[in-house]
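Here the structure comes first, spelled out in structure tokens, and everything after it is commentary.
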Amino acid sequence: MTAEERMMWVERYSALPTENVADAMDGLGLKRGSVLGLHPIDPSQKRAAGFARTILQKRRSTPWDGVNLAKHGKVIDDKTEPGDLLVISMGGIMDVSTGGDLLALRAQLRGVQGELTDGCLRDTDDIAAFGFPAYSAGTAPNKSAYDIETVGVDVPVTLCGVLIFPGDMVVMDRTGVVVVPSGKIAEVYESASRIAKREERVAVHLREGKTLTESRKLAAAEVGQEDSKIGI
């Protein structure tokens, strides 16, 4: 996929609510990719979408010796591309953060669209202030260098029971997080777009005074019958 194609998909998915994406995956019979139990660092943060750039971290296997084994700063410097979204698996480790404002700023300047982690972040007020969308399990002021090592980059990771592969499409908004398998990005987008358009038409007819049943039927006829049972 070219850089232009990557950004095209990022822009397209950034316009879709996560609920439409989730409904599309249900309608296509795909395994649900909703990552539940994590929270946005800022309730008002913008919707974000990007291709998963995965990092797997765990507790250090050796005592602190002055060498930082977390290395996610180097991953951001050397590996990330415009259109990526950082996905960091901490295995639920909650007593240290996996990153803060400087890592987030560097990622943003590299064209990274946001960050998703089942660990903690710090400097979250600053991250929110410069508009870098992030979902995490919580916050912690302690840095990761003394405690954490990176054991895998661009490998499959599991967050909150959802298996995420490098290159999967991650969509995050105020409602939640949904992961679309890389091989289904186009198919899910087409379905989710129809759902979004149909729901817009349902809302129009509701405001005209029609019932929900009437509005659904009219919208299905206007947008197309396919997926008519998916969504509101």
Side-chain angles (χ1 to χ4, degrees), residues 1-2 4-40 43 45-54 83-87 89 113-116 118 133 135 156-232:
M1 188 181 298
T2 66
E4 291 77 14
E5 289 171 331
R6 282 169 55 86
M7 293 311 300
M8 175 194 73
W9 286 118
V10 167
E11 291 171 8
R12 287 182 174 182
Y13 269 95
S14 295
L16 287 176
T18 52
E19 56 268 26
N20 292 158
V21 178
D23 286 349
M25 292 179 70
D26 280 349
L28 293 168
L30 300 176
K31 185 176 181 179
R32 285 181 168 171
S34 298
V35 181
L36 306 177
L38 306 181
H39 309 284
Q45 68 186 21
K46 67 178 181 179
R47 184 180 297 121
F51 292 90
R53 176 69 66 179
T54 61
D84 282 348
L85 193 145
L86 287 176
V87 177
S89 171
Q113 303 298 302
E115 180 174 354
L116 172 68
D118 61 357
Y135 257 79
V157 296
T158 300
L159 270 67
C160 304
V162 177
L163 181 61
I164 305 173
F165 290 88
D168 286 350
M169 176 60 68
V170 181
V171 188
M172 310 188 308
D173 62 15
R174 299 178 196 178
T175 297
V177 180
V178 181
V179 180
V180 179
S182 59
K184 298 292 183 179
I185 288 173
E187 187 177 5
V188 171
Y189 173 78
E190 292 301 326
S191 179
S193 295
R194 288 193 297 271
I195 292 168
K197 290 175 183 176
R198 189 166 51 252
E199 290 187 351
E200 289 175 3
R201 296 305 302 163
V202 170
V204 167
H205 294 306
L206 287 173
R207 292 188 176 94
E208 293 171 345
K210 296 180 175 60
T211 67
L212 185 56
T213 299
E214 292 170 335
S215 299
R216 283 172 167 167
K217 288 181 179 179
L218 287 167
E222 291 163 352
V223 177
Q225 291 292 334
E226 192 172 357
D227 302 330
S228 62
K229 295 182 180 180
I230 306 302
I232 291 176

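Computed from a prediction, not measured in an experiment: that's the story for all the values here.
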| field | D168 and V180: CA distance, side-chain angles, deciding distance, side chain to side chain contact (heavy atoms under 4.5 Å, CB included) verdict | value | CA-CA 6 Å; D168 286 350; V180 179; over 6 Å; no
| query | Does the side-chain hydrogen bond (donor to acceptor under 3.5 Å, both in side chains) test come out yes or no for E199 and N20, once each step is laid out? | reply | CA-CA 9 Å; E199 290 187 351; N20 292 158; 3.2 Å; yes
| Over 12 non-hydrogen atoms of neighbours within 6.0 angstrom of NZ in K197 |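 Check fails, neighbour count at 12 or below.
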| said: Checking L28 against S191 for the side chain to side chain contact (heavy atoms under 4.5 Å, CB included) test, could you report, in this order, the C-alpha distance in whole Å, the side-chain angles of both residues, the deciding distance, and whether it holds? | reply: CA-CA 8 Å; L28 293 168; S191 179; 4.3 Å; yes
| said: Assess the residue pair E187 and K184 against the criterion (salt bridge (Lys or Arg N to Asp or Glu O under 4.0 Å)); give the C-alpha distance rounded to whole Å, side-chain angles, the decisive distance to 0.1 Å, and a yes or no. | reply: CA-CA 5 Å; E187 187 177 5; K184 298 292 183 179; 3.4 Å; yes
| query | What are the two closest heavy atoms between G167 and F51, and how far apart are they? | reply |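 The pair with the smallest heavy-atom distance is O-CD2, 3.3 Å.
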| request: Over all heavy atoms of both residues, which pair between I164 and T54 is shortest? Give the atoms and the distance, please. | output: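 That would be O-CG2, 4.3 Å.
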| query | When you measure from the side chain of E11 to the backbone N and O of M8, does any donor-acceptor pair fall under 3.5 Å? | reply |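 No, because the side chain of E11 does not come within donor-acceptor range (under 3.5 Å) of the backbone of M8.
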| query | Is a side-chain N or O of R198 found less than 3.5 angstrom from the main chain of A220, in a donor-acceptor match? | reply |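 Between the backbone of A220 and the side chain of R198 there is no qualifying donor-acceptor contact (under 3.5 Å).
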Heavy atoms, side chains only, cut-off 4.5 Å: are [X] and [Y] in contact?
{"X": "L218", "Y": "E208", "result": "no"}
{"X": "C160", "Y": "L36", "result": "no"}
{"X": "L212", "Y": "V202", "result": "yes"}

